[in-house]
Colleague: 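If you scroll down you'll find the structure; I have some questions about it.
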Amino acid sequence: LTPDGWTVNVAKDRVDLAVPTDLVEMFTAQFQSLTGDEPAVLEAASVAGQSFEPWTVARAQGRDVEEIEAAAQHMVRSHLFLHAGPDTNSGPVRRFGFAHALHHQVIYDQIPDGRRRRLHQTIGEALEARSGDRLDEVAPELSTHFERSGDDARAVKYLRVCMERAQRRFAYREAVAYGKTALALLGRQAESPDRGR
């Protein structure tokens, strides 16, 4: 117990959440039994995050939003992997989410590395293009997508935005964590004036 509350004294990479193997196998079998567009929709959705907007997945797949919404709605009605997110208006669903975090993780883990990187890059670029004046708000998401796609320069750009926002909120530990990630990414880049800056 510390003045800030309870803490666990275990290294982050040593924590094992002990998910039963048979449960992972069951979700994997369910995913592999899907047909049609559903596996591709779920793959792109898992890269987008635990919850997602249909336009993001549509952009990642180069398809119409209506097609993605229809596929997602079918899975919601069939109780397959997804649920409809909260909607503040009576129009079409604006957001979907994975019914369980394990669904999200099992599907994400099955995507081949090259395709996963491409999906992260496409989704990051789509969010960047669509965010306009809200880039500061989506900077954490953008930094994650670009880091996972291997676009280190863009990841560092948005990590810097995250650091500045954290400092303004006096969240110094968070700012330091963003800074450490940015420095690690910069360490992988070749020497250049931009890298030095």
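Every value quoted in this text rests on a predicted model; they were computed, and no experiment measured them.
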Colleague: Measure from the side-chain N and O atoms of Gln61 to the backbone N and O of Ala44, and report whether any donor-acceptor pair falls under 3.5 Å.
Modeller: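 No: the side chain of Gln61 does not pair with the backbone of Ala44.
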Colleague: Which residue in the set Thr122, Thr56, Ile111, Ile107 passes side chain to side chain contact (heavy atoms under 4.5 Å, CB included) when paired with Val47?
Modeller: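 When side chain to side chain contact (heavy atoms under 4.5 Å, CB included) is applied between Val47 and each of Thr122, Thr56, Ile111, Ile107, only Ile111 qualifies.
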Colleague: Do Ile68 and Leu82 land in one hydrophobic cluster if side-chain heavy atoms of ILVMFWY residues count as linked below 4.5 Å?
Modeller: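 Hydrophobic grouping puts Ile68 with Leu82.
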Colleague: With clusters defined by side-chain heavy atoms of hydrophobic residues (ILVMFWY) lying less than 4.5 Å apart, directly or transitively, does Leu119 cluster with Leu142?
Modeller: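 Yes, same cluster.
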Colleague: Should Met75 and Phe96 be marked as a side-chain contact (heavy atoms from CB on, under 4.5 Å) after you check the CA-CA gap, both sets of side-chain angles, and the distance that decides it?
Modeller: CA-CA 10 Å; Met75 286 186 272; Phe96 293 92; over 6 Å; no
Colleague: Taking all non-hydrogen atoms of both residues, which atom of Ile123 and which atom of Ala60 are closest, and how far apart?
Modeller: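 Reported closest heavy-atom pair: CG1-CB, 3.7 Å.
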Colleague: Does Phe98 reach the side chain of Leu42, with side-chain heavy atoms less than 4.5 Å apart?
Modeller: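 They are in side-chain contact.
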Colleague: Check each of Arg168, Arg165, Arg169 against Glu174 using the salt bridge (charged side-chain N to carboxylate O under 4.0 Å, His left out) test, and report the only one that passes.
Modeller: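 Among the candidates, only Arg169 passes.
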Colleague: How close do Gln167 and Ala175 get, heavy atom to heavy atom, and via which atoms?
Modeller: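 Scanning both residues completely, I find the closest heavy atoms to be CG-CB, 3.8 Å.
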Colleague: Are Val65 and Phe52 connected in the hydrophobic side-chain network, where two residues link if heavy atoms are under 4.5 Å apart?
Modeller: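 Hydrophobic grouping puts Val65 apart from Phe52.
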Colleague: Measure the CD-CD distance between Glu66 and Gln73 for me, rounded to the nearest 0.5 Å.
Modeller: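 CD of Gln73 is found 12.5 Å from CD of Glu66.
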Colleague: Distance-only, no hydrogens or angles: does the Ser143 side chain make a donor-acceptor pair with backbone N or O of Pro140 under 3.5 Å?
Modeller: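 Pair found, side chain donor or acceptor close to backbone of Pro140.
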Colleague: Once rounded to the nearest 0.5 Å, what's the spacing between atom CG of Asp64 and atom CH2 of Trp55?
Modeller: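 It is 15.0 Å, given to the nearest 0.5 Å.
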Colleague: Measure the CD-CD distance between Glu69 and Glu53 for me, rounded to the nearest 0.5 Å.
Modeller: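 The distance works out to 10.5 Å.
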Colleague: Can you tell me how far the NZ atom of Lys157 sits from the CG atom of Leu135, to the nearest 0.5 Å?
Modeller: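 If we round to the nearest 0.5 Å, Lys157:NZ and Leu135:CG are 7.0 Å apart.
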Colleague: Does this structure show an ion pair linking Arg59 with Glu125, if we count only N-O contacts that are shorter than 4.0 Å?
Modeller: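 Not counted as a salt bridge, because no side-chain N and carboxylate O are separated by less than 4.0 Å.
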Colleague: Check whether any side-chain heavy atom of Glu43 sits under 4.5 Å from a side-chain heavy atom of Phe31, and report yes or no.
Modeller: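 Side chain of Glu43 against side chain of Phe31, heavy atoms only: contact under 4.5 Å found.
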Colleague: Within the 3.5 Å criterion, strictly below it, is a donor on Glu38 or His74 matched to an acceptor on the partner's side chain?
Modeller: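 Yes, side-chain donor-acceptor contact under 3.5 Å.
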Colleague: Are Gln30 and Val106 packed together at the side-chain level, in the sense that at least one heavy-atom pair is separated by less than 4.5 angstrom?
Modeller: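 No. Closest side-chain heavy atoms not under 4.5 Å.
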Colleague: Got a second to check how far Arg148's CZ is from Arg117's CZ, nearest 0.5 Å?
Modeller: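 Answer for the CZ-CZ pair, Arg148 versus Arg117, is 13.0 Å.
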Colleague: Using the rule that two of Ile, Leu, Val, Met, Phe, Trp, Tyr join whenever any of their side-chain heavy atoms come within less than 4.5 Å, decide whether Val138 and Phe146 are in one cluster.
Modeller: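 Same cluster.
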Colleague: Could you tell me the separation between the NE2 atom of His83 and the OG atom of Ser51, rounded to the nearest 0.5 Å?
Modeller: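 Atom-to-atom, His83:NE2 and Ser51:OG are 7.5 Å apart.
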Colleague: Compare every heavy atom of Gln50 with every heavy atom of Ala101, then report the nearest pair and how far apart it is.
Modeller: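 Minimum heavy-atom separation between Ala101 and Gln50: CA-OE1, 3.5 Å.
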Colleague: How would you list, by chain and number, every residue that makes a ring-ring contact (aromatic ring centres under 6.0 Å, His included) with Phe81, sequence neighbours excluded?
Modeller: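 For Phe81, the residues satisfying ring-ring contact (aromatic ring centres under 6.0 Å, His included) (neighbours in sequence not counted) are His103.
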Colleague: State plainly whether one hydrophobic cluster holds both Tyr178 and Leu186, where clusters connect Ile, Leu, Val, Met, Phe, Trp and Tyr through side-chain heavy atoms under 4.5 angstrom apart.
Modeller: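 Cluster IDs for Tyr178 and Leu186 match.
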Colleague: Write down the atom of Leu159, the atom of Thr181, and the distance for their closest heavy-atom approach.
Modeller: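 Answer, listing the atom of Leu159 first, then Thr181: CD1-CG2, 3.8 Å.
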Colleague: Is the number of heavy atoms from other residues, nucleotides or ligands under 6.0 Å of Arg160 CZ greater than 12?
Modeller: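 No, not enclosed.
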Colleague: Parallel, tilted or perpendicular, judged at 30° and 60°: which one describes the rings of His120 and Tyr108?
Modeller: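 Geometry flag for Tyr108 against His120: perpendicular rings.
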